[in-house]
Structures are given as C-alpha cells and as structure tokens.
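We name chains A, B, ... by the order of the sequence lines, and we start the count at 1 in each one.
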There are 2 protein chains.
Amino acid sequence: MPTARERARAQTTEAILAAARTQLAEVGAAALSLRAVAREVGMVSSAVYRYFPSRDELLTALIIEAYDDVGEAAEAAAALVAGRSPRERWLAVWRSVRAWGLEHPAQYALIYGSPVPGYAAPQDTLPAAGRVGVVLGAIATAADGGVVGDDDVAAAVAPDVPGTLGIDPRLAPAAVSAWTLLFGTVGFELFGQYENVVIDREAYFDHVAGTAATSVGIG
Amino acid sequence: MPTARERARAQTTEAILAAARTQLAEVGAAALSLRAVAREVGMVSSAVYRYFPSRDELLTALIIEAYDDVGEAAEAAAALVAGRSPRERWLAVWRSVRAWGLEHPAQYALIYGSPVPGYAAPQDTLPAAGRVGVVLGAIATAADGGVVGDDDVAAAVAPDVPGTLGIDPRLAPAAVSAWTLLFGTVGFELFGQYENVVIDREAYFDHVAGTAATSVGIG
DNA sequence: GGCGTGTCAAGAGCAGTGCTCTCGGAAATG
DNA sequence: CATTTCCGAGAGCACTGCTCTTGACACGCC
C-alpha cells in the first residue's frame, strides 16, 4: 500500500503532467515553458525539478503519453468494427489515426514531427510507438491476401518486426510502407503541406487508405 | 546598378544567413539563437534586427532556402539521368531527395518536420515547396503509363495541381500520394521512426521507390 | 564643398527562460 | 523521541528574443 508521501507524489506528478498537456495543446512543444507549467500547478519552478529532472524529460513523458493515446485510439477504433470486413476495419483504423491527429495536433507534431530533444530517449518510446502498427498488422494478416514481395526486400526489415506485428515476413516491407504512408499523409495535412494541393482532405485520405489496403493484400 | 550601401546591405544579409545556416546545422532549429548568429557574424544582436525583423523571419528565410535547395538537388539528379528510362529517372530523383535529407537533417526537419513558427508564412514557401513534385510529375507523364484513378478522387486535389505538375488530372491523387510517401519515408528514417524497424535503409527505400513508381503508372 | 536626411551598429535594458544551490519545515524511519 | 529523508520556496546565474536610445557614417541635394 502506498504511503501518504507516495500518494502525494503521484498526485503532484499527475498534476504537473496535466498542466503540461494543457500548455502543450495551447502553445506547442517549442514554447512549452516549465515555469509556466509550475505556475499553473501553483508551485515554484524549482519544485518541478523534484519530479522531472529536466524539461526534456517532461517532454519525453508527454511523448510516451501521446504514443499511448494514439495507440489506444487505434485499438478502440478496431474494436468497434471487429466484425466487419478487413478493408472496412483497415479504413476505420486509418480514420481514427487521422481523427486523433486533427484533435491533438500538438501531440501529433511532438511524436511525428521533428524530434525536439536529442532524439528523445528512443529506447523509452519504442514500445509505445508500435501499437498502431500492431493493430494494422493484425487486420492485414486476417485478410490473408497472399500478395506480397520477395525475400530480398524482406531482409531489409528488422527480423523481429514480423513477429511483433504478427504478419508474414514477406509482407513486412509493404506493411512498413503503408504505416509510413498513413503517418506521412496525416502529417502533411496537419503541417500544411497540402495547402493549395489537396482540397477534399477526407476523400483524398480515404482513397489513399484504400490503395494502401490493397498494397498489403487486403482485397 | 547597386550603390555601395546596397551592396553592403546585401553582403551583410548573406553573412547573417550563412551564419544562421551553420547554426542550424549545428544545433537545430529549436536551439537556433539569434544572438549566437550575431556573435558569429561579429555584430551585436540588435543590429541583426535591421535585416530580419524577428527570429521567425530569419527561420522563414532558411525554410525557403531549404526548399530551393532540395528542389535544385532533385532537378540536378533528374538532369543527370535525362536519357534513361522513366523508372530509372524516378528512382534517381527519389534517391537524391533521400541523400539531401541525410546530408542536411536539420534543414529537412525545418521544412518537413513540425512547423516551428506560426505556420511559417505559408504563402512565401508554397512555390518553392513544389519543385520536387514538378520533377516527379514530369517523369510520370513521360512514362504515360495510363494507369490512373477515377474522376471522383481527382476532384479532391486542387484544380491547378495537374497543371503546375504537368500531369493528367486523374493521375493527381496517385502523384500526391507518392510525393507524400517519398517525404514520409525520408522523414521517418531521419527522425528515428525506423529505429529497430528497418535495417537496410537503402534497400528498403529503393523498394518503396519502385512500388511508388508503379503506382503512378511507370512500368 | 557644405549640409540635412536616412541608415546603421552599438549599448543598455526588460521580461522571460532552463537550471542550480541553499535553506527551513515536514513526513517517514529507526 | 531522534534522525534521516524528502519536499517546497527563494535567490541567483547565464542565456534568450526584443525594444529603445545614442552616436557615427554615408548618401543626395543645394
């Protein structure tokens, strides 16, 4: 059982994270100020350092949160359409990622934009980053389209990727490419690259999702 | 003809930009300090404001430079293989973009990562941003593969895009998607998303370039 | 040539930042 | 009860973007 001190510590940590989330959504990652976060929580900036050793560590915590959040959104979307066809499920997951990005642009920029801290302690973020990929891999495998590539390219992908995604190794390059295209498309929309280029973003996105589904063997 | 004053002004402006480029490559966009740039040029920070009204304007100038730089790299690569097959030319341009990104990661992050200033005066950057797309569009049109989409999706793309890219309107969605995939793939590699995912980055990249070529009708 | 005008670099200064250190009080441990 | 550990507050350092004022220099006009 947690002592009073431990409970207080967890509570304060959560309060700091909550304030940081608010700040992040309001001013973005670059302008996120540890002192402003401290003011919002009602304590002095030096006290925050008892909980997070630096601003970068606070950002890293927010990064992991964001990865988990978008992963949960994708999993929830997949669960909602569990009975439908693979193509419908694939589209639903793609849409959920786009919707999450539109709703949390600062978080999206934090995880899929340029890395702000010195490559943000990659080890900590790696497990959380793959959750969306796992969801997509399960759908593609369920479809079992049989369309794939050759073994040469398959060797370019890390050997444990097919295992964690639950897919055929020969499907891995196409799956990684589809995963890249998903986040690339959402990122381009969010970061303004589609300004004066794509008018109907929903229609365009659904179309891309469809071709990507085909590319991983979903009929 | 330029007066002595104008020449001096142009020279100082270029010196500031050169120092800013160095700083950008060394510490990244987020940590780029206007005062450090001023120190490197050998003047005081307030003097820099005679040439750039704010730090964001300096960054915007660097953004436009970066867009032009990657565009020139793509054009130069295309010129070098002008006589080859469309597929070879397509691959050469893709590779040139990746090579440029690997050589200038900070610049790449500046233009294809999260936008740091408040959407970075989009109007100024729009023309320069499309140069790579124009190069790719010309190659795809030269191939004339005939493979395309339907008119419904074509309407999702801005009506002037086919014109500036010199492509069939019905090819536009696939072209935009390929363009997105190119920069998404390079970005994922640069920003560490392929850590523990893609081992042989060159082989994987070439493979993606090949499938993208097929998707825009290059046989 | 001399003289106003406009441009420029320099310096001081302001509010804000990340981060460190020290200090007193409170909670947990013996 | 005594001691150790933890935590918040405050002061302070070096730095940032940016503004304002001051003094010097080059330019165009008479």
Side-chain angles (χ1 to χ4, degrees), chain A residues 1-20 22-24 26-63 106 110 115-121, chain B residues 1-20 22-24 26-63 106 110 115-121:
Chain A
M1 64 183 301
T3 77
R5 239 221 262 274
E6 283 171 343
R7 263 190 296 110
R9 180 168 186 90
Q11 201 168 326
T12 308
T13 304
E14 179 48 40
I16 293 172
L17 280 174
T22 307
Q23 278 279 314
L24 177 63
E26 280 178 2
V27 302
L32 190 148
S33 156
L34 198 143
R35 292 176 108 115
V37 169
R39 275 193 297 271
E40 195 170 318
V41 182
M43 55 189 191
V44 109
S45 75
S46 61
V48 178
Y49 285 86
R50 300 260 178 216
Y51 298 86
F52 296 92
S54 72
R55 195 192 93 119
D56 281 2
E57 291 286 333
L58 216 191
L59 277 181
T60 302
L62 290 177
I63 288 174
L110 190 63
V116 185
Y119 284 97
Chain B
M1 61 185 301
T3 77
R5 231 198 198 126
E6 283 171 343
R7 263 189 297 111
R9 180 168 185 89
Q11 202 168 324
T12 309
T13 305
E14 179 48 39
I16 294 172
L17 280 174
T22 307
Q23 278 280 313
L24 177 64
E26 280 177 3
V27 302
L32 191 147
S33 154
L34 199 142
R35 290 175 109 116
V37 169
R39 273 193 298 270
E40 195 170 319
V41 183
M43 53 188 195
V44 109
S45 76
S46 60
V48 178
Y49 284 87
R50 299 253 173 219
Y51 298 86
F52 296 92
S54 74
R55 195 191 94 118
D56 282 1
E57 292 287 333
L58 216 191
L59 278 181
T60 302
L62 291 178
I63 288 174
L110 189 63
V116 184
Y119 284 97

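DNA chain D is contacted by both A:Arg9 and B:Pro53; A:Arg9 maps to the nucleotide lying nearer its 5′ end (nearest heavy atom per residue). With the nearest nucleotide of DNA chain C identified for both A:Ser54 and B:Arg35, B:Arg35 has the one nearer the 5' end.
At D:dT16, none of the side-chain N or O atoms of B:Arg55 fall inside 4.0 Å of OP1 or OP2 (strictly under the cut-off). Proximity of A:Ser45 to the phosphate of C:dG18: no side-chain N or O atom is located under 4.0 Å from OP1 or OP2. Regarding contacts with the backbone of D:dG8, a side-chain N or O of A:Tyr51 is found under 4.0 angstrom from either OP1 or OP2. Between C:dT20 and A:Ser46, no contact under 4.0 Å exists linking OP1 or OP2 to a side-chain N or O. Remark: A:Arg39 is in phosphate contact with C:dT17, judged by side-chain N or O atoms under 4.0 Å from OP1 or OP2.
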Start with the C-alpha gap between A:Thr12 and A:Arg50, add the side-chain angles, then the distance that decides, and say whether side chain to side chain contact (heavy atoms under 4.5 Å, CB included) holds.
CA-CA 10 Å; A:Thr12 308; A:Arg50 300 260 178 216; over 6 Å; no
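In this structure, A:Glu6 places its CD atom 11 Å from P of D:dC6, rounding to the nearest Å. Protein atom CG of B:Asp56 is 14 Å distant from nucleotide atom C1' of D:dT16, rounded to whole Å. Rounded to a whole Å, the OH atom of B:Tyr49 is 11 Å from the P atom of D:dT16. Distance A:Glu40 CD to C:dT17 C1': 17 Å, rounded to the nearest Å. Remark: P of C:dG11 and CZ of B:Arg50 are 15 Å apart, rounded to the nearest angstrom. In this entry the distance linking CD of A:Gln11 with C1' of D:dG8 reads 16 Å, nearest Å. Rounded to a whole Å, the CE atom of B:Met43 is 15 Å from the P atom of D:dC18. The distance from atom CZ of B:Arg7 to atom P of C:dC8 is 14 Å, rounded to the nearest whole Å.
Atom CD of B:Gln11 and atom CZ of B:Arg7 lie 8.0 Å apart (nearest 0.5 Å).
With contacts defined as side-chain heavy-atom distances shorter than 4.5 Å, the pair A:Thr60/A:Phe52 does not qualify. The side-chain heavy atoms of A:Leu62 and A:Leu110, taken from C-beta on, include a pair separated by under 4.5 Å. Counting heavy atoms from C-beta outward, A:Tyr51 and A:Leu17 have side chains that stay 4.5 Å or more apart.
Across all strands, A:Leu32 comes closer than 4.0 Å only to sugar-phosphate atoms, never to a base (heavy-atom distances). Among the atoms of the strands shown, none is found under 4.0 Å from any heavy atom of A:Phe52.
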